Structure formats: C-alpha cells, structure tokens
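Below is one structure, written out as structure tokens, with a few remarks after it.
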Amino acid sequence: MPSYAHKYGVDMDELKSVLTHIAWKNHRNGAVNPRAQFQKEVSREKIAASPRVAGELGVFDCSGVSDGAAAVILCRAEDASRYTDTPLYVKGLSFVAGPAAGVIDPEYDLHQLRRGGAAAADAYQQAGITDPRAQWPWPRSTTASPPPSWC
C-alpha cells in the first residue's frame, strides 16, 4: 500500500478509507447473497480497526481463504443442447502471458496489470464490445445476476 500511495500521490489515510469502504460494501453485498462466502454485514469501524496481516493491509482488506472447485464443459454452440437446456455462450476468450519478470526486474511495475488489460481488450474485441461500461447487459445492483446466456 505505501508504494501505491507514493506512486500515485494518494494520502495513506485516504487509501485506508477507500479500502475500508470496499470491504464494507463487499460484506453488505454478501449479506444479501445466499451464495456468498461471507453473509454478514460488518461495520466500517470494525473493518478499520481490524488487525493488520500484511503490511498496512488488515484482515478485511484481504480475500477470504476458501476451497472450491469448478468445471466447465466447452463444446460447439450447436452441440450445447445435448448437455443443458440453458447453455452459456462465450463470446470472447483471451489469455495473455508475460515473461514473469516481476520478481526479478526492479523496473517492473507491480501496480499495473498490463497482461490482464491486454487480455480484456482482446476478449472485448472478440465479443464485439466497444464500450464495456455502457454495454454491460444487466442493471448494476447488489442483487442483480447476469442473464444465463451472457458470458
């Protein structure tokens, strides 16, 4: 956090306040989601006062530890009905890898997610999405779910 605050000229107290707000918002959303890992609201005060676990990051600033699994059956669109009545159609898919120099190159900027941005831009282009925020296919709310056909 201190390196991010220094690089972008953000006051540490302001950065901590933003992280507190994000954790508070995430727990509030989890409280109304029966599938959320954490389903209880947590006060901003409790989040701000939580014990530090990694530098300036507190318990609620870090993701929860959990086990899980997922499986996907990928097939041609015309074969999907053989497996389900409600198929998901992938409109764009991208993977971008770099040289993994972050840990050995002192010039590497760990604050940037260049490969992720490149992968997102590629997938958006494949899907024909030119303005992701404007073309988001469902309302933004704490309870909205994506339609099953959009992926």
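Everything quoted here is computed from the prediction, not taken from an experiment.
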Heavy-atom pair of closest approach, residues Glu107 and Asp105: N-OD1, 2.9 Å

More than 12 heavy atoms of other groups within 6.0 Å of Arg52 CZ: yes

Expected output: side-chain Glu14 to main-chain Val10 donor-acceptor under 3.5 Å: no

Inter-residue atom distance Gln135.CD - Thr130.OG1, 0.5 Å rounding: 4.0 Å

Short side-chain to backbone donor-acceptor contact, Asp61 and Gly58, under 3.5 Å: yes

Separation between CG of Asn26 and NE2 of His21, rounded to the nearest 0.5 Å: 9.0 Å

For Val96, all residues meeting side-chain contact (heavy atoms from CB on, under 4.5 Å), sequence neighbours excluded: Ser94, Arg115, Ala118, Ala119

Side-chain ion pair, Asp109 and Lys7, N-O less than 4.0 Å: yes

Residue pair Asp11 / Leu15, side-chain heavy-atom distance below 4.5 Å: no

Point-to-point distance, once rounded to the nearest 0.5 Å, from NE2 of His27 to CD of Glu41: 10.5 Å

Residue pair Gly92 / Ala127: nearest heavy atoms and the distance that separates them: N-CB, 4.2 Å

Gap between atom CD of Glu56 and atom NZ of Lys16 - 0.5 Å precision: 4.0 Å

Atom of Gln39, atom of Arg35 and distance for their closest heavy-atom approach: NE2-N, 3.9 Å

Nearest-0.5 Å distance that lies between atom OH in Tyr4 and atom NE2 in His6: 14.0 Å

Atom pair CH2 (Trp24) and OG (Ser17), whose distance is rounded to the nearest 0.5 Å: 11.5 Å

Contact check, side chains of Leu19 and Met1, non-hydrogen atoms, under 4.5 Å: yes

ILVMFWY network linking Phe95 to Ile129, side-chain heavy atoms under 4.5 angstrom: no

Exam field: side chain Gln126 to backbone Leu93, donor-acceptor pair closer than 3.5 Å: yes

Linked hydrophobic residues, Val72 as query - side chain contacts closer than 4.5 Å: Leu74

